[in-house]
Each structure stands twice: as C-alpha cells, then as structure tokens.
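Following: one structure in structure tokens, then a few remarks.
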Amino acid sequence: MSKDVNKLLAGQLLIVEDDAITSELISNNLTAIKKIRIVANGKSAVEFCQLYKPDIIVLDVYLPDINGIERYRLRKEATISLNSSTMTS
C-alpha cells in the first residue's frame with residue numbers, strides 16, 4: 001500500500017449520520033480504519049472537528065440540523081486538510 005493509504009488507515013474517521021443503522025453499516029464496512037467515531041448531528045460534528053481534527057469525514061447531507069451548504073463549514077471549522085465523502089440515502 002502507498003504511504004497515503006497507510007496514513008489514512010492509521011488516522012481517525014468521523015461518521016456524521018443521524019440514522020443508527022446506516023452509521024453502523026458504514027463503520028462495519030470500514031474496519032481497516034482503527035479509529036472510527038460516530039456523531040448524529042452537525043453541531044456535534046463541528047465540535048468534534050474542533051477538538052480532534054479527524055483525517056476523514058463521511059457526512060450525511062440530510063441531517064436535521066445542518067444543510068448541504070453548511071456541511072462545508074465542517075472543513076473550515078477543522079482548519080486542517082480533510083478528505084471528505086458526502087452521502088445521501
């Protein structure tokens with residue numbers, strides 16, 4: 001594996017998803033990443049990013065407290081370079 005892949009696998013993944021079944025499905029399919037954290041809303045995600053600076057964020061677009069445009073604030077709030085994935089269901 002490349003250094004970049006190894007770095008991501010050793011990093012911290014934040015899943016922002018308000019549906020427990022969906023967040024469990026995502027985390028169960030990303031078992032190669034050892035540090036997975038799950039939060040259920042945008043406010044918690046912003047707070048988590050400020051404190052822990054995750055390396056990757058998987059973000060549900062349809063959260064009850066954050067819209068599609070506001071989600072990019074997470075990247076700005078984290079003040080670091082992030083790899084992010086956006087999902088809808």
Side-chain angles (χ1 to χ4, degrees):
M1 276 190 247
S2 73
K3 288 181 184 179
D4 291 335
V5 171
N6 286 331
K7 182 178 176 183
L8 289 175
L9 293 177
Q12 182 166 234
L13 167 70
L14 174 61
I15 298 172
V16 186
E17 172 57 63
D18 60 328
D19 180 74
I21 294 171
T22 303
S23 60
E24 185 177 338
L25 273 168
I26 295 166
S27 64
N28 287 344
N29 283 289
L30 297 173
T31 57
I33 300 173
K34 301 302 179 207
K35 297 177 192 172
I36 298 176
R37 304 293 182 259
I38 300 170
V39 297
N41 59 60
K43 181 180 180 205
S44 295
V46 170
E47 291 170 357
F48 185 92
C49 288
Q50 290 172 332
L51 292 172
Y52 300 105
K53 312 285 190 233
D55 300 290
I56 305 168
I57 299 174
V58 177
L59 177 63
D60 181 0
V61 173
Y62 298 109
L63 293 169
D65 68 334
I66 191 169
N67 68 37
I69 294 171
E70 288 177 3
R71 67 191 166 93
Y72 289 105
R73 189 176 85 180
L74 291 175
R75 295 175 80 171
K76 185 177 179 182
E77 293 285 340
T79 63
I80 57 173
S81 175
L82 292 172
N83 296 296
S84 62
S85 172
T86 304
M87 63 181 187
T88 64
S89 57

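Index from 1, following the sequence.
Nearest approach of Leu59 to Leu63, heavy atoms of both residues: CD1-CD1, 3.8 Å. The two residues Cys49 and Ile57 make their nearest non-hydrogen contact at SG-CD1, 3.6 Å. Between Ser44 and Val39, the shortest heavy-atom contact is CB-CB, 3.9 Å. Shown here for Ala45 and Leu14, the closest heavy-atom pair between the two residues is O-CD2, 4.2 Å. Summarising the geometry of Ile38 relative to Ser23, their closest heavy-atom pair is CG2-CB, 3.7 Å, with the distance given to 0.1 Å.
Residue Glu47 qualifies as enclosed at atom CD: its count of foreign heavy atoms under 6.0 Å is above 12.
When hydrophobic clusters are built by joining Ile, Leu, Val, Met, Phe, Trp and Tyr residues whose side-chain heavy atoms come closer than 4.5 Å, directly or via intermediates, Ile26 is not grouped with Ile21.
No side-chain heavy atom of Asp60 sits under 4.5 Å from any side-chain heavy atom of Val16. In this structure, the side chains of Ile56 and Ile33 come closer than 4.5 Å at one or more pairs of heavy atoms.
Every residue two or more places apart in sequence or in another chain that forms a side chain to side chain contact (heavy atoms under 4.5 Å, CB included) with Lys35 is listed here: Gln12, Arg37. By the side-chain hydrogen bond (donor to acceptor under 3.5 Å, both in side chains) test, Asp19 is found to be paired with Thr22, residues two or more places apart in sequence or in another chain being considered.
Screening residues 24-47 for ring-ring contact (aromatic ring centres under 6.0 Å, His included), with sequence neighbours left out, gives no hits. Listed by first and then second residue, the ring-ring contact (aromatic ring centres under 6.0 Å, His included) pairs involving residues 19-60 are Phe48-Tyr52 (not counting sequence neighbours). Applying the ring-ring contact (aromatic ring centres under 6.0 Å, His included) test to pairs two or more places apart or on separate chains, none has a residue in residues 20-46. Residues in residues 8-34 take part in no ring-ring contact (aromatic ring centres under 6.0 Å, His included) pair, two or more places apart or across chains.
Considering CG of Asn41 and CD of Glu17, their distance stands at 11.5 Å, rounded to 0.5 Å.
Using modelled atom types, one side-chain atom of Asp65 and one backbone atom of Lys43 make a donor-acceptor pair closer than 3.5 Å.
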